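Step one of this worksheet: look at the structure below.
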Protein chains: 2
Amino acid sequence: MSAHPERKNSLDEIPPPDDDTPATRATEAARRREPKALRREQLINATIDSLAKRGYAATTLADVADGAGLSRGIVNFHFTSKDNLLSETIKFLQDEYTANWQAMVQKAAPDTASQLLAMVTADLDRKICTHRKLAAWFALITESRSKPAYQEMAWDRDAKYRAMLASICLKAKVEGGYAFDPQSTADAIYAMQEGLWLRMMLFGRGYKREAALGVVLDALCTIFPRHFAAGGTPLAIKAEDQ
Amino acid sequence: MSAHPERKNSLDEIPPPDDDTPATRATEAARRREPKALRREQLINATIDSLAKRGYAATTLADVADGAGLSRGIVNFHFTSKDNLLSETIKFLQDEYTANWQAMVQKAAPDTASQLLAMVTADLDRKICTHRKLAAWFALITESRSKPAYQEMAWDRDAKYRAMLASICLKAKVEGGYAFDPQSTADAIYAMQEGLWLRMMLFGRGYKREAALGVVLDALCTIFPRHFAAGGTPLAIKAEDQ
DNA sequence: ACACGTTTGTTGAACGTTCATTCAATAGTG
DNA sequence: CACTATTGAATGAACGTTCAACAAACGTGT
């Protein structure tokens with residue numbers, strides 16, 4: 001009855017639990033049974049796709065709905081308004097970002113160099129540092145002038161990351177006897193990473209994750225020469241001198 | 001006859017040559033005599049204002065015209081289309097940016113430290129690093145996904161700056177006996193500056209030019225310890241060792 | 001098991017608004 | 001009188017939102 005051929009959302013699609021009706025996967029019926037949260041995530045993903053492909057200005061609800069393989073009115077049912085959809089999208093991206101680096105730092109070894117390396121590589125992680133996610137994030141954050149809610153979220157995200165980075169830089173300074181100011185150094189590193197994000201976003205196929213990673217690792221070597229070996233970036237754990 | 005009270009363009013307004021009619025500055029008549037290029041610049045300035053204040057999505061031709069104190073159809077007369085107006089605006093910003101750092105580098109002393117300092121402070125110059133210009137630039141550049149012309153301009157701008165910065169880093173490396181890779185270091189510095197731009201754009205009143213300048217100078221001290229003294233950033237010109 | 005009303009998710013057409021663009025009319029200039 | 005710059009109303013397209021209709025799933029009583 002409907003004209004939607006198939007839903008073709010981007011990757012990270014979770015196959016539904018496959019509960020009953022094992023036969024031909026009655027698509028229409030199975031789709032309807034998916035929980036509300038899944039449908040919301042599907043629409044957010046379609047929004048990210050649209051933002052990345054067409055930019056903020058050209059992202060329409062019709063395009064989002066088409067991208068998700070659903071009909072026109074669907075977004076207003078799940079998100080009540082376009083503004084709200086975009087708010088939830090930026091929230092999704094920020095939450096994913098913060099959760100990712102926090103998890104990576106927790107998983108890393110407790111020594112200073114490892115912690116620093118974890119924070120810095122988290123930003124360039126495969127999961128976070130996709131072209132579409134970067135493009136969507138910049139498209140949204142750039143419009144934050146007119147949306148105070150965005151700005152607040154961005155500030156929050158920033159504050160958490162900066163504080164953590166600064167505390168690690170302080171530890172490194174004590175251990176390595178460096179002369180730098182910890183907060184200033186943390187700001188410099190953080191700014192460098194956002195600048196590399198911008199480059200990756202702008203020049204997609206011309207500046208890849210690996211290139212950015214190389215720049216970051218080189219920078220760590222020159223800033224923390226007693227914590228990182230010159231070559232690639234094996235970390236020389238410091239413990240002998242105080 | 002018209003309802004436009006006064007034109008209230010932002011700063012850098014060039015007062016018209018004030019040629020004849022010395023009396024009360026017959027506004028309407030004087031305005032009409034201004035050359036075409038001036039009117040175009042006026043409209044571009046109004047566009048930057050609108051982009052900064054309302055964001056890309058909410059920037060309309062009506063708003064630009066109002067900002068310039070002119071009527072609705074005026075933009076299409078001078079720029080034929082909105083797309084073209086935005087193209088010319090981003091071109092204006094990029095040209096101003098490139099001309100500024102090139103002039104500052106040329107004016108600076110020829111030693112490595114001075115050249116480096118000139119390049120780096122040019123980005124944070126009063127003339128370039130205005131909140132409205134940053135906001136407008138990000139708004140436009142972020143939408144470059146859908147506009148290949150923007151991307152090409154951005155690539156050009158980047159290439160010039162990066163090449164110059166890399167060549168200076170190479171000189172510094174030879175002079176100072178540093179271990180870093182020159183291109184990688186140049187990329188790191190450049191990325192850091194764009195990241196600081198982003199912060200300034202996002203947190204307007206919460207992160208000022210002076211703060212960013214401090215971060216950059218500190219970074220120069222740690223990266224080029226033989227070229228920059230630790231305290232503020234007086235540059236210790238290197239000439240004695242080879 | 002089955003029938004039936006309720007709830008929930010979904011659709012697509014309709015509405016009203018906003019906006020870029022066009023253009024005929026007008027005013028200023030040489 | 002040409003010519004150029006400017007105006008403001010008209011046009012038509014695009015978009016967000018609303019809503020009546022529909023369909024599937026669930027609950028209840030039998």
Side-chain angles (χ1 to χ4, degrees), chain A residues 1-5 7 16-17 19-21 25-43 46-47 50-51 54-87 89 146, chain B residues 1-5 7 16-17 19-21 25-43 46-47 50-51 54-87 89 146:
Chain A
M1 192 146 293
S2 80
H4 301 306
R7 55 188 175 132
D19 28 320
D20 49 336
T21 59
R25 230 302 201 100
T27 47
E28 190 62 27
R31 209 176 70 180
R32 202 173 262 266
R33 211 163 325 150
E34 288 170 4
K36 222 165 167 169
L38 226 72
R39 173 84 358 130
R40 281 172 61 96
E41 202 172 316
Q42 179 191 3
L43 286 170
T47 306
S50 182
L51 286 168
R54 325 198 342 163
Y56 187 101
T59 289
T60 68
L61 292 188
D63 192 52
V64 170
D66 286 357
L70 297 170
S71 71
R72 297 284 135 98
I74 201 72
V75 170
N76 285 293
F77 178 79
H78 286 281
F79 291 91
T80 68
S81 76
K82 186 186 182 184
D83 259 24
N84 189 246
L85 170 68
L86 295 176
S87 270
T89 301
S146 23
Chain B
M1 193 141 295
S2 78
H4 302 304
R7 51 186 180 133
D19 28 322
D20 50 336
T21 59
R25 243 270 218 113
T27 47
E28 190 62 27
R31 208 176 71 185
R32 201 174 261 266
R33 213 164 320 148
E34 288 170 3
K36 223 164 167 171
L38 226 73
R39 174 84 357 127
R40 282 172 60 95
E41 201 173 317
Q42 179 190 3
L43 287 169
T47 306
S50 181
L51 285 168
R54 326 196 345 163
Y56 186 102
T59 288
T60 69
L61 291 188
D63 192 53
V64 169
D66 286 357
L70 298 170
S71 71
R72 296 285 134 97
I74 200 71
V75 171
N76 288 101
F77 178 78
H78 286 281
F79 291 91
T80 68
S81 75
K82 187 185 183 184
D83 260 25
N84 189 246
L85 170 68
L86 296 175
S87 270
T89 302
S146 23

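Reminder, nothing fancy here: chain letters follow the sequence lines and each chain counts from 1. Owing to the predicted nature of the structure, the values given are computational and were not obtained by experimental measurement. Because only heavy atoms are used, hydrogens play no part in the values below, and waters and symmetry mates are left out as well, while side chains stay in.
Atom C1' of nucleotide C:dC19 and atom CZ of B:Arg54 are separated by 11 Å, given to the nearest angstrom. Atoms CZ (B:Phe79) and C1' (C:dT22) sit 19 Å apart, rounded to a whole Å. Between the CG atom of B:Leu86 and the P atom of C:dA20 there is a distance of 9 Å, given to the nearest Å. Here C:dA14 presents its P atom at 20 Å from CG of A:Leu61, a figure rounded to the nearest Å. One atom, NE2 of A:His78, and another, C1' of C:dT11, lie 12 Å apart when rounded to the nearest Å. Taking atom CG of residue A:Leu85 and atom P of nucleotide D:dT17, one finds them 10 Å apart after rounding to whole Å. Rounded to whole Å, the distance from CG on B:Asn76 to P on C:dT21 is 5 Å.
The side chain of B:Leu70 lies closest to D:dT7 when the candidates are C:dT22, D:dT17, D:dT7. Nearest to the side-chain atoms of B:Lys82 among the listed nucleotides C:dT21, D:dG16, D:dT7 stands C:dT21. Among the nucleotides C:dT11, D:dG16, D:dT6, the one closest to any side-chain atom of A:Ile74 is C:dT11. Proximity note for B:Phe77 (side chain, C-beta onward) versus C:dT21, D:dT18, D:dT6: the nearest is D:dT6.
A donor-acceptor pair under 3.5 Å is absent between the side-chain atoms of A:Ser50 and the main chain of A:Ala46, judged by distance alone. In this structure, B:Thr59 contributes its side chain and B:Gly55 its backbone to a donor-acceptor pair below 3.5 Å.
B:Lys36 has a side-chain polar atom (N or O) that falls below the 4.0 Å cut-off from OP1 or OP2 of D:dA5.
Nearest heavy atom pair, residue B:Tyr56 against residue B:Leu51, reads CA-CD2, 3.8 Å.
A residue-by-residue look at A:Thr60 and B:Arg72 shows that B:Arg72 has its nearest nucleotide of DNA chain D further toward the 5' end.
Rounded to the nearest 0.5 Å, atoms OG1 (B:Thr60) and CZ (B:Arg72) are 7.5 Å apart.
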